[in-house]
Visitor: 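Below are the structure tokens for one structure; questions will follow.
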Amino acid sequence: MTEEVKKEERSLNFLEEIIEEDLKSGKYTQIATRFPPEPNGYLHIGHASSICLNFGLTKKYPGYTNLRFDDTNPVTEDVEYVDSIKDDIRWLGFEWKNELYASDYFDKLYEFAVTLIKKGLAYVDDSTSEEMAAMKGTPTEPGKNNKYRDRSVDENLDLFARMKAGEFADGTRTLRAKIDMAHINMLMRDPVIYRIKHAHHHRTGDKWCIYPMYDMAHGQSDSIENITHSICTLEFVPHREFYDWLIEKLEIYPSHQYEFARRNINYTVTSKRKLLQLVNENYVTGWDDPRMPTISGLRRRGYTPESIREFCDRIGIAKRENIVDVGLLEFCLREHLNKIAWRRMVVFDPVKVVITNYTKDHELLETDNNPEDPKAGVRQMPFSKEIFIERDDFMENPPKKYFRLAPGQMVRLKSAYIIKCEEVIKDAAGNVTELHCTYFPESKSGSDTSGINVKGTLHWVNAAEALVVEVREYDRLFRVEDPSSEEGDFKDYINPDSLKVVKGYAEPAIKNAKFSDRFQFLRKGYYCLDKDSSEEGMIFNRTVTLKDGWKK
Ligand code: ATP
Ligand code: MG
């Protein structure tokens, strides 16, 4: 894939082709998709791809998208996750038609199960899970029927009602679809559709002690909602046969399942289970730690919804798994931030410059907030006799073609004047403490009549007003491309240098920073204000560097 592919040139993906055909043939006049998260963790960048796909299709074509919480597993789910998921989808810029919960269909799903029993298509099985596994066969050997398979409809109805009534302990019985124990698709060998679990559910409380399995809930929920295109990831390909079987036997609305490849990016993990470990074991400060690949982490880091949508659009959808380079995500981010970020000057490791021939008290220099966006307006920067520049923008014995500051050399101070280094002041240990320079009053940016040409431009701040801020320099969370495929535990591959905290000396305009603002600290990178900021001090997150430092 090339980064140059522009939106209008992008061809239809395979789902768009299917949908255009369906609309053209009159099969549907509008489409319905759904995004079905399990509320057992925060959404990550992989989910963003599914969100952009599902919601994107119904933005493009007539129809709507439901948000359906797939909350059929009572144990791992939580309202905290429900709230964060809604927040994240809205932040990404999408709105659902209906907010729905698979658990709202528990009564309906129970009826469906009873219908299957009545049709002789489901039975209560008393086997333990070990016994069941032993009878299941292998991909090359058929499974075997057990004695429970021939139970009468009445006995099954009675036992299933008693399962629901709470008469039996967890794991002692299940309800299974009665299909074919010799089926070539292992998932069609009498799959379990209900299990006993005496557990409190975050929405239905203690009403239920039997819960439908994923396959028993998912397709039926799609059907209840008249979903036309039910999009999921590739691991569900083998499930499609059972999905269709249930719809056919129950004679309900025929939703169709389509599959696309999971999207994962390198130098991170995108599995909620693994992300939860990082949170619980304090490798990160929380789900929204700016190093996390979660939507909330990316948001706190300073990502924009536009850049994430653009990324998802560019990678498109595929039918084969592959890992996408995080460099492309960062490329999309830089592209957007360059357009919207306000430019500010912040010096990280200062050395003082004294301008010996500057005779005014001070002056205010006016400069653009963002040269890419005239509407961003201007700001004022104080300038006086004492300023800070970056220590490593000076070299006492520079090599050839060194265009920054050195004894006898000239540089431009960004949006200010040209200065020339006249004298280097050192302490007893030989460290540079001050640089004494002269400036050229007629070289002021915007009205330069000095006729002097310099190659280097440095960022600077006025010493008297420099505001000390904390800067959190983030890097990739893992030091290998695919931590999950490495030997041993994925956490062994965490990058020990994923966070460096440094001090910054910022120009005073930074005082007005809001959380929604995006900044480019000149020659440094893109930054945003972090929520940990307080009266005591401002804290900035490095969103991304100006250039990709990882590129070979
Ligand atoms: P995880 O393995 O992180 O727990 P999941 O698939 O169990 O992911 P769900 O909450 O069930 O998470 O996912 C909601 C939707 O998002 C599903 O339709 C799922 O297919 C999709 N999805 C999850 N991860 C990805 C991914 N990496 N790329 C694309 N789609 C994804
Ligand atoms: Mg899942």
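In what follows, every heavy atom counts, from backbone to side chain, and hydrogens, waters and symmetry copies are set aside. When a ligand or atom number is given, it counts from 1 through the structure's own listing order.
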Visitor: Is the terminal nitrogen or CZ of K272 (NZ for Lys, CZ for Arg) located under 6.0 angstrom from the six-membered ring centre of Y42 and within 45° of that ring's axis?
Guide: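 No, a cation-pi geometry is absent between K272 and Y42.
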Visitor: Test Y101 against F69 for ring-ring contact (aromatic ring centres under 6.0 Å, His included), laying out the working first.
Guide: CA-CA 5 Å; Y101 293 81; F69 290 100; 5.0 Å; yes
Visitor: I'd like to know if H44 contacts ligand 1, where contact means a heavy-atom distance under 4.0 Å to any ligand atom.
Guide: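 Contact check H44 vs ligand 1: positive.
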Visitor: Which of the atoms of ligand 1 are close to P37, meaning less than 4.0 Å from one of its heavy atoms?
Guide: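 The list of qualifying atoms is 10 (O), 14 (C).
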Visitor: Run the numbers for me: atoms of ligand 1, each under 4.0 Å from some heavy atom of P36, listed by number.
Guide: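 Once the distances to P36 are compared, the set is 14 (C), 18 (O).
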Visitor: D180: which residues meet the salt bridge (charged side-chain N to carboxylate O under 4.0 Å, His left out) condition with it, sequence neighbours left out?
Guide: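 Salt bridge (charged side-chain N to carboxylate O under 4.0 Å, His left out) check on D180 returns nothing, list empty.
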Visitor: Against heavy atoms of N264, which atoms of ligand 1 measure under 4.0 Å?
Guide: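 Result: 27 (N).
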Visitor: If I apply the N/O under 3.5 Å rule, does E38 come out as touching ligand 1?
Guide: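 Between E38 and ligand 1, an N or O pair is found under 3.5 Å apart.
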Visitor: So is R476 actually on top of Y267's ring, under 6.0 Å and inside 45° of the axis?
Guide: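 That pair qualifies as a cation-pi contact.
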Visitor: Consider every N or O of G46 and every N or O of ligand 1, then say whether any pair is closer than 3.5 Å.
Guide: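 Yes: some nitrogen or oxygen of G46 is under 3.5 Å from one in ligand 1.
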Visitor: Quick one: which ligand 1 atoms are inside 4.0 Å of a heavy atom on S271?
Guide: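 Once the distances to S271 are compared, the set is 3 (O).
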Visitor: If you look at every heavy atom in V75 and K197, which pair is closest and at what distance?
Guide: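 Residues V75 and K197, closest heavy atoms: CG2-CE, 3.4 Å.
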Visitor: Among K272, R263, H218, E235, which one has a heavy atom closest to atom 1 (P) of ligand 1?
Guide: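 It is K272 whose heavy atom sits nearest to atom 1 (P) of ligand 1.
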Visitor: Heavy-atom distances under 4.0 Å are what count here, so tell me which part of F35 touches ligand 1: side chain, backbone, both or neither.
Guide: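 Only the side chain of F35 comes within reach of ligand 1.
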Visitor: Who pairs with F242 by ring pair (Phe, Tyr, Trp, His ring centres under 6.0 Å), at least two apart in sequence or on another chain?
Guide: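 With sequence neighbours excluded, F242 shows a ring pair (Phe, Tyr, Trp, His ring centres under 6.0 Å) to W245, given in chain and number order.
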Visitor: Taking all non-hydrogen atoms of both residues into account, name the closest pair between P37 and R68 and its distance.
Guide: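 Where P37 meets R68 most closely, the heavy atoms are CD-O, 3.3 Å.
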Visitor: Given R262, E259, H47, which one has a non-hydrogen atom that is nearest to atom 12 (O) of ligand 1?
Guide: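 The option holding the nearest heavy atom is H47.
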Visitor: Pull out every atom of ligand 1 sitting under 4.0 Å from any heavy atom of T233, numbered as shown with elements.
Guide: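 Within the 4.0 Å cut-off of T233, ligand 1 contributes 20 (O), 29 (C), 30 (N), 31 (C).
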Visitor: Counting from 1, what ligand 1 atoms have a heavy atom of S50 closer than 4.0 Å?
Guide: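 So the atoms of ligand 1 that pass are 16 (O), 21 (C), 30 (N).
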Visitor: Apply the side chain to side chain contact (heavy atoms under 4.5 Å, CB included) test between I315 and each candidate in L329, N322, D325, V324; give the one that qualifies.
Guide: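 Exactly one pass, corresponding to V324.
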